[in-house]
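Bear in mind the structure is a predicted one, so any value in this text is a computation, not a measurement. Proteins come first, then strands; the chains are lettered A, B, ... in the order of their sequence lines, and each starts at number 1.
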2 protein chains.
Amino acid sequence: MPEKRRALSNAAELERRIPKAVIKRLSLYSRVLQNLEIAQREKVSSRELAAQLGLNSAQVRKDLAHFGQFGVPGLGYYVADLRRNIKGILGTDRGVRLALVGVGNLGSALLSYGGFQRQGFQMIAAFDSDRRKVGSSRAGVAIHDVGDLSRVIRVERVDIAVLAVPVDHAQGVCDSLVDAGITAILNFVPAYLAVPDHVKVHYVDLSIEIESLSYYLR
Amino acid sequence: MPEKRRALSNAAELERRIPKAVIKRLSLYSRVLQNLEIAQREKVSSRELAAQLGLNSAQVRKDLAHFGQFGVPGLGYYVADLRRNIKGILGTDRGVRLALVGVGNLGSALLSYGGFQRQGFQMIAAFDSDRRKVGSSRAGVAIHDVGDLSRVIRVERVDIAVLAVPVDHAQGVCDSLVDAGITAILNFVPAYLAVPDHVKVHYVDLSIEIESLSYYLR
DNA sequence: TAGATTGTTAATCGATTAACAATC
DNA sequence: TAGATTGTTAATCGATTAACAATC
């Protein structure tokens, strides 16, 4: 007779148990730790970490405790050590490979923005359907025909797709991405994407952010 | 002897009682309703609304019930009517006025993006400290000197500031915005902003989104 | 050692979902 | 009327915070 509950054996199972909000904060911690490291700080307490992010110190300790014991009672956390651990947990220590789909207004902006490269992510390829763009490059990234999506994504071993196509093409392109084996999508298109369970979509939606801010205007 | 609890008398008090997540979804409903209206649909059920956004129908009904009774049992919601109501609640029916601070890579992109204007928001002014940019305009928006921040923001009655300055200027500029009377900030800078209680900040942080996606790669 | 801060448990708070009587 | 769908209550689920013994 099998035990009622298997041990946490693999990443997929472990994921389910870590709240999404914790993962988001993990990258915030990582950034603060980077700054502390630059400032040559050796140690930091959960209290200070929390203060720098407007959080509660118990929350910081609890978040980290999900993944192990990183701190020293009475002392705090060693900055460099904790940072390395968090990068390992997030998987950002192994050069995550990105591709952009849709080199329009917003897409171009994202390419020239450069904020991605800076954090150790690599923008490997871009895709568009416009004949005039295909074959050229923007900010050092080659623009391919969307027809080659599947092939290029496999060959270049792309981890995450950044979606910035016109709204009426979003679901179709999304389906192609999933077919090509993509499991993580950063979606800038103001549309809900239906995807299988194993695919993770994060939404960045500028007008939704503005609209909900409007509500709070006195 | 005063009653233990005053009635919900003003917006500030009402706000506290409406969960933030509900407000975010309200703008999502608004967008779906816009599409339904374009498609000439007269009515829609909470079930369909939910399906189009990957939500639960009970959640849709409960969200809307926070603000009144908009539906008809057995029938659903009238598309145009519900949309009008939601826009009223969000306050997006009265031309929200925006200003951009920081016309660098990302800032320029946001100006030419145009996604804001399209949804009925008005980009009124931009600010930068670079002499070469000040006095010119981008995408039809005049670029002012940050020194004139306070004056222009008051004169132009700006509702929401969009922040896209270099990270080490973020808190300083944020303080100026608050001094100028701004109560809502959309922050693209990867930094936590300390603000008084009456000011609402929304964060859009691209590298945090990518980092947390990385975690979910198999 | 005395002081500080962790990791963890219990208490609180908030948000989501299921279920169903009321209503059209 | 019969069928459908709302608004709302109760149950569940998940996330945050307070408190403190254990530890350096």
Side-chain angles (χ1 to χ4, degrees), chain A residues 5 8 13-29 32-33 36 41-79 81-83 85-86 89 192 212 215, chain B residues 5 8 13-29 32-33 36 41-79 81-83 85-86 89 192 212 215:
Chain A
R5 223 206 260 186
L8 295 178
E13 237 165 320
L14 213 134
E15 270 167 30
R16 265 203 299 279
R17 289 159 211 290
I18 307 289
K20 282 192 291 288
V22 172
I23 301 302
K24 278 263 163 77
R25 285 193 296 268
L26 233 41
S27 20
L28 292 172
Y29 302 150
V32 172
L33 289 165
L36 289 170
R41 284 281 306 278
E42 193 196 355
K43 296 170 293 195
V44 66
S45 67
S46 60
R47 194 166 66 58
E48 184 176 353
L49 230 30
Q52 291 214 27
L53 291 164
L55 305 173
N56 178 295
S57 72
Q59 185 166 59
V60 172
R61 294 196 297 279
K62 199 164 203 289
D63 284 352
L64 297 175
H66 277 106
F67 304 96
Q69 306 203 159
F70 302 112
V72 185
L75 242 147
Y77 302 86
Y78 286 97
V79 171
D81 178 62
L82 181 57
R83 179 166 176 237
N85 272 296
I86 291 179
I89 293 164
Y192 167 69
S212 48
Y215 176 77
Chain B
R5 223 206 260 189
L8 294 179
E13 237 164 319
L14 212 134
E15 271 167 30
R16 265 203 300 279
R17 289 159 213 290
I18 306 290
K20 280 191 292 289
V22 173
I23 301 302
K24 279 263 164 78
R25 285 194 296 268
L26 233 41
S27 17
L28 292 173
Y29 301 150
V32 172
L33 289 165
L36 289 169
R41 285 281 306 278
E42 193 197 356
K43 297 171 291 193
V44 66
S45 67
S46 60
R47 193 165 68 58
E48 183 176 354
L49 229 31
Q52 291 214 26
L53 291 164
L55 305 173
N56 178 296
S57 72
Q59 184 167 57
V60 172
R61 294 195 297 278
K62 199 165 204 284
D63 284 351
L64 297 175
H66 277 108
F67 304 96
Q69 307 203 159
F70 302 113
V72 185
L75 242 146
Y77 301 86
Y78 285 98
V79 171
D81 177 63
L82 181 57
R83 179 163 178 240
N85 272 296
I86 291 180
I89 293 164
Y192 166 71
S212 48
Y215 176 77

Note, [X] side chain near [Y] side chain (heavy atom, < 4.5 Å):
X: A:Tyr77; Y: A:Arg83; result: no
X: B:Asp81; Y: B:Asn85; result: yes
X: B:Leu53; Y: B:Val60; result: no
X: A:Ser212; Y: B:Lys20; result: no

Without decimals, in angstroms, what is the distance between [X] [atom1] and [N] [atom2]?
X: A:Arg61; N: D:dC24; atom1: CZ; atom2: P; answer: 16 Å
X: B:Phe67; N: D:dT6; atom1: CZ; atom2: C1'; answer: 18 Å
X: B:Phe70; N: C:dC24; atom1: CZ; atom2: P; answer: 17 Å
X: B:Leu55; N: C:dT16; atom1: CG; atom2: P; answer: 9 Å
X: A:Tyr77; N: D:dT23; atom1: OH; atom2: C1'; answer: 13 Å
X: A:Lys43; N: C:dA4; atom1: NZ; atom2: P; answer: 13 Å

Looking at the side chain of [X], which of [options] is the nearest nucleotide?
X: A:Lys62; options: C:dC24, D:dT16, C:dA19; result: D:dT16
X: A:Pro73; options: D:dT23, C:dG7, C:dT17; result: D:dT23
X: A:Asn56; options: D:dT8, D:dA18, C:dG7; result: D:dA18
X: A:Pro19; options: C:dT8, D:dA15, C:dA19; result: D:dA15

Does [N] have OP1 or OP2 sitting under 4.0 Å from an N or O in the side chain of [X]?
X: A:Gln59; N: D:dA18; result: no
X: A:Ser46; N: C:dT6; result: yes
X: A:Tyr78; N: C:dT5; result: no

Check: Counting any heavy atom closer than 4.0 Å, what does B:Ser57 reach on the DNA or RNA strands: base, sugar-phosphate only, or nothing?
Finding: nothing
Check: Given that A:Arg25 and A:Gly74 both sit by DNA chain D, which one's nearest nucleotide is further toward the 5' end?
Finding: A:Arg25
Check: Does A:Lys20 or A:Ala58 map to a spot on DNA chain D nearer the 5' end, using the closest nucleotide for each?
Finding: A:Lys20
Check: With both distances under 3.5 angstrom, what nucleotide forms a Watson-Crick or G-U wobble pair with C:dA15?
Finding: D:dT12
Checklist line | Identity of whatever pairs with C:dT23 - Watson-Crick or G-U, under 3.5 angstrom | finding: D:dA4
Check: In this structure, which one of B:Leu64, B:Leu49, B:Leu55 forms a side-chain contact (heavy atoms from CB on, under 4.5 Å) with B:Arg25?
Finding: B:Leu55
